[in-house]
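Working notes, beginning with the structure itself.
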Protein chains: 2
Amino acid sequence: MTDPTDSPVPPPGAEITLRDVARLAGVSVSTASRVINRTCGVSPAYAAAVQAVLERFSYIPNNAARALVRQKTRTVGLVVPTLSNPLFAPSIAAIEATLRDAGYGLLVACSQRAPERELEQVRMMIERGVDGMILTGSHHLPATLGLLASRGVVLATQDDPAACAGALSVAMQDAAAMATVIDALVMRGHRTIGILTGPVENTLPIAERLRGAIQRLEHHGLPHGAGHIMETADYQAASSRRAARTLLDRVRGLTAIACTGDILAIGTIMECRRRGLRIPQDISIVGCGDTVMSQFVDPPLATIHLPFGTMGEQAARRLLCVMAGRPLPPTRPLPFRLIQRHTLNRMPRVPPGA
Amino acid sequence: MTDPTDSPVPPPGAEITLRDVARLAGVSVSTASRVINRTCGVSPAYAAAVQAVLERFSYIPNNAARALVRQKTRTVGLVVPTLSNPLFAPSIAAIEATLRDAGYGLLVACSQRAPERELEQVRMMIERGVDGMILTGSHHLPATLGLLASRGVVLATQDDPAACAGALSVAMQDAAAMATVIDALVMRGHRTIGILTGPVENTLPIAERLRGAIQRLEHHGLPHGAGHIMETADYQAASSRRAARTLLDRVRGLTAIACTGDILAIGTIMECRRRGLRIPQDISIVGCGDTVMSQFVDPPLATIHLPFGTMGEQAARRLLCVMAGRPLPPTRPLPFRLIQRHTLNRMPRVPPGA
DNA sequence: TATAAGTATGAGAACGCTTTCAGCAACCCG
DNA sequence: CGGGTTGCTGAAAGCGTTCTCATACTTATA
């Protein structure tokens, strides 16, 4: 009690540790720990004393020490292909919110669509002891998956239509979404429909969207050959404009263009405008994704709303379930719906090309 | 050497620890540690042996244990006001890339513009032992700053024109940017210029932009009273359209509208279109920010490019400097420039309102 | 009143790593 | 050839927690 190191106030620079708390409250470290973790069996008097010290010094537990003994960090890792493109922004936001509500921290990295980089980042995250990981997309190195499995890290994937992780995989109904676009056009009388798609290779969701569109055109007995389909080189506005031009030149009597992405649709709108085609009187244009941009284009773009926020939330929620040992709720397909803005109309009586 | 626990291969479920590595390589834990950390003074033979085991079992160090003794986690925290809005996406991407290159992990959270929430998240990050933090914006609770300071966490702020953290604060030249917009319009002959701004309260950058615009109008001896300025209720497209309508109704002979944000400019374009005003022949519209949207609007929006990516990168870079004890490079103002797209033109001879 | 059962408490080991310190060669110089 | 220097190595002490176990103290039961 007369120990000179036994000062009532901890030195200002150093952080207050559990031992300090215990000493200040006049209990043992074990008891202090029990109060913090709400483990039963602490007398009210001691509990109150510890609680008071906790608040007075705003004690923050050291997660590293905790992690060391518990082998859990209450942190999960997320790797997305890109951060600068706003596509995944709602998904990231939802994941962050869901995890935060559950007391988890979120470590974020960006793979720039390079699986090797993704592996490196997964290593980094395992090093930091993540309890779970969310991977985005469908292109992962076997080594990545193996590493995760060997370290006992729970893995969830999002936006991977191939569903490599089984029950913990949540993806859009990309094919069905584009089938809905085709149906909406056919229902409005369109018979000559062009398809504009982004680069299909290495992006399964886009490939799925294309597949869904083609299949549905076939189902309706409409032309769906290579002549009616145009693939852009990338997602720049200029490329999609160029592709739209080719498509409009190539297919006579085109009254509608279905695009597998909103940016492509925006490029198409621009090109149609340039040609003096009125939208939607002369030609209908439908996108897919409902990204922020689509409501700001002129005219506002009809598109399929894909619930990226819900996707992220579900991925996080299911991950939390598994980490907590709770049973997984049944998988339900992510809903999507057609947003009727101003670029979708009945087929004109006289096709502009005729 | 005949100890039964001394198996050459670690049990499959458990992770391989430094002790395992040492045992497998036939050296002490200290030596193995020295090899991993490239501390000098290990004989080549031993170094090679350890290296081999490291690779063979793909050893990943446990950062929690490391953090415990080093008091450093090589992780930094980032709090942004919003993730779903793509505004900060380039900044986050740049921060992530910069930190990753330096071997740092990034913990992300979103305050939803609520300072109390920000405090809570800073607590969470301190708990996880971040070495540094990047806070966004200018509204922080004193408790937040105090907490960070008392725990010795290095703090950098971004997008805070009030520069509360001194040398570690990197912000845009918002006022100067809008002054440039006014200059560009004046130089093209415009004399009756309207200003459309977002809600000024609680968003210092927007307030700064407005201030810059007003000051510059005054400098040129042009009208800059409340009648020429319109503040929207929020950042929805509909609100900015409504505000643009009021402004156009109120000010006769308006030939240009300067907006403190791109979304506002987009709403203005829509409203002008609806009235049959030709852009840019009848009216010029200039935005600020150069967000992804602005290049996809029709006509493509003239705006000020604000380097959000650079801002994030600089914040991260400066933070790294301080954490590494390196001297800070001199602060240089973030560059900005006018992007001349299609909505900026000379003043029409006959103003459309006349 | 003595014993069993139960409850609150604290001592101390462990978690996986870094780092100080001491030990032990081998070497150089006088 | 001895004492000092140098360079590599391993033992061991923490880092801040959690958690098991043993201990002391209550209370209920015989």
Side-chain angles (χ1 to χ4, degrees), chain A residues 5 10-11 13-50 53-54 57-75 126-131 151-152, chain B residues 1 5 10-11 13-50 53-54 57 59-75 126-131 151-152:
Chain A
T5 68
E15 268 129 67
I16 181 169
T17 77
L18 187 59
R19 223 195 4 231
D20 299 325
V21 171
R23 188 162 40 71
L24 291 165
V27 298
S28 75
V29 178
S30 329
T31 302
S33 173
R34 276 189 273 259
V35 173
I36 287 169
N37 297 296
R38 317 206 173 291
T39 313
C40 53
V42 174
S43 71
Y46 277 175
V50 172
V53 176
L54 250 33
F57 293 91
S58 65
Y59 167 80
I60 298 181
N62 180 328
N63 202 49
R66 231 177 218 189
L68 200 55
V69 24
R70 292 219 273 225
Q71 305 282 39
K72 290 270 170 286
T73 54
R74 288 191 84 78
T75 302
I126 289 182
E127 190 169 326
R128 284 176 176 67
V130 292
D131 299 338
R151 305 317 256 241
Chain B
M1 279 303 178
T5 68
E15 268 129 66
I16 180 170
T17 76
L18 187 60
R19 211 175 36 212
D20 299 326
V21 171
R23 188 162 38 73
L24 291 164
V27 299
S28 74
V29 178
S30 333
T31 302
S33 171
R34 277 189 271 258
V35 173
I36 287 170
N37 297 297
R38 319 206 172 292
T39 314
C40 56
V42 174
S43 73
Y46 277 174
V50 172
V53 176
L54 250 34
F57 293 91
Y59 167 78
I60 299 181
N62 180 328
N63 202 49
R66 231 176 217 191
L68 202 54
V69 25
R70 290 219 274 226
Q71 306 283 40
K72 289 269 171 288
T73 53
R74 289 190 83 79
T75 302
I126 289 181
E127 189 169 329
R128 285 176 175 67
V130 292
D131 300 338
R151 305 316 256 238

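Quick note: numbers below take in every heavy atom, side chains included, and nothing from hydrogens, waters or symmetry partners. A, B, ... follow the sequence lines: proteins, then strands. Residue 1 opens every chain.
Residue B:N37 places at least one side-chain N or O closer than 4.0 Å to OP1 or OP2 of C:dT18. Regarding contacts with the backbone of D:dT9, every side-chain N or O of B:T31 stays at 4.0 angstrom or more from both OP1 and OP2. In terms of phosphate contacts, A:Q71 brings a side-chain nitrogen or oxygen within less than 4.0 Å of OP1 or OP2 of C:dG16. The phosphate of C:dT7 has neither OP1 nor OP2 within less than 4.0 Å of any side-chain N or O from A:Y46. Phosphate contact (OP1/OP2 of D:dG16, side-chain N/O of A:Y59, threshold under 4.0 Å): absent. A sub-4.0 Å separation between OP1 or OP2 of D:dT9 and a side-chain N or O of B:S43 is present.
Contact between A:S58 and B:R151 at its shortest, heavy atoms only, is O-NH1, 3.5 Å. Across all non-hydrogen atoms, the minimal contact from A:L68 to B:A65 is CD1-CB, 3.6 Å.
Donor-acceptor pairing under 3.5 Å, judged by distance alone, is present between the side chain of B:S30 and the base of D:dA11.
Looking at B:D20, its side chain does come within 3.5 Å of a backbone N or O of B:T17 through a donor-acceptor pair.
As judged by a 4.0 angstrom heavy-atom cut-off over every strand, A:N63 is placed among residues making no nucleic acid contact. Backbone-only contact: B:T17 has heavy atoms under 4.0 Å from sugar-phosphate atoms and none from a base. Contacts of A:V29 with the nucleic acid, taken as non-hydrogen atoms under 4.0 Å apart, include base atoms. The residue A:V27 sits close only to the backbone: its heavy atoms come under 4.0 Å of sugar-phosphate atoms, none of a base.
In this structure, A:R70 places its CZ atom 21 Å from P of D:dC15, rounding to the nearest Å. One atom, CD of A:E127, and another, P of C:dC17, lie 10 Å apart when rounded to the nearest Å. The distance between atom CD of B:E15 and atom P of C:dC15, rounded to the nearest whole Å, is 13 Å. To the nearest angstrom, P of C:dG10 lies 15 Å from CZ of A:R19. Following rounding to the nearest Å, A:K72 (NZ) and D:dG16 (P) show an atom-to-atom distance of 24 Å. Whole-Å rounding puts the B:R66 CZ to D:dG16 P distance at 18 Å. Rounded to whole Å, the distance from CG on A:L18 to C1' on D:dC15 is 13 Å. A straight line from CD1 of A:I36 to P of D:dG16 spans 14 Å, rounded to a whole angstrom.
Using modelled atom types and a 3.5 Å distance limit, the side chains of A:T73 and A:R128 yield no donor-acceptor pair. Inspection of the B:S28 and B:T31 side chains reveals an N or O donor paired with an N or O acceptor under 3.5 Å.
In the set D:dC15, D:dT9, D:dG16, the nucleotide with an atom closest to the side chain of A:V69 is D:dG16. Of the candidates C:dC17, C:dT9, C:dC15, C:dC15 carries the atom nearest the A:L68 side chain, counting heavy atoms from C-beta on. In the set C:dA11, C:dT20, D:dT18, C:dA11 carries the atom at the smallest distance from any side-chain atom of A:S28.
Of the two residues contacting DNA chain D, namely B:G41 and B:A65, the nearest-nucleotide position lying further toward the 5' end is that of B:G41. The nearest heavy atom of DNA chain C to B:R34 and to B:N62 marks one nucleotide each, and the one closer to the 5' end goes with B:N62.
The closest side-chain heavy-atom distance from A:L24 to A:I16 is below 4.5 Å.
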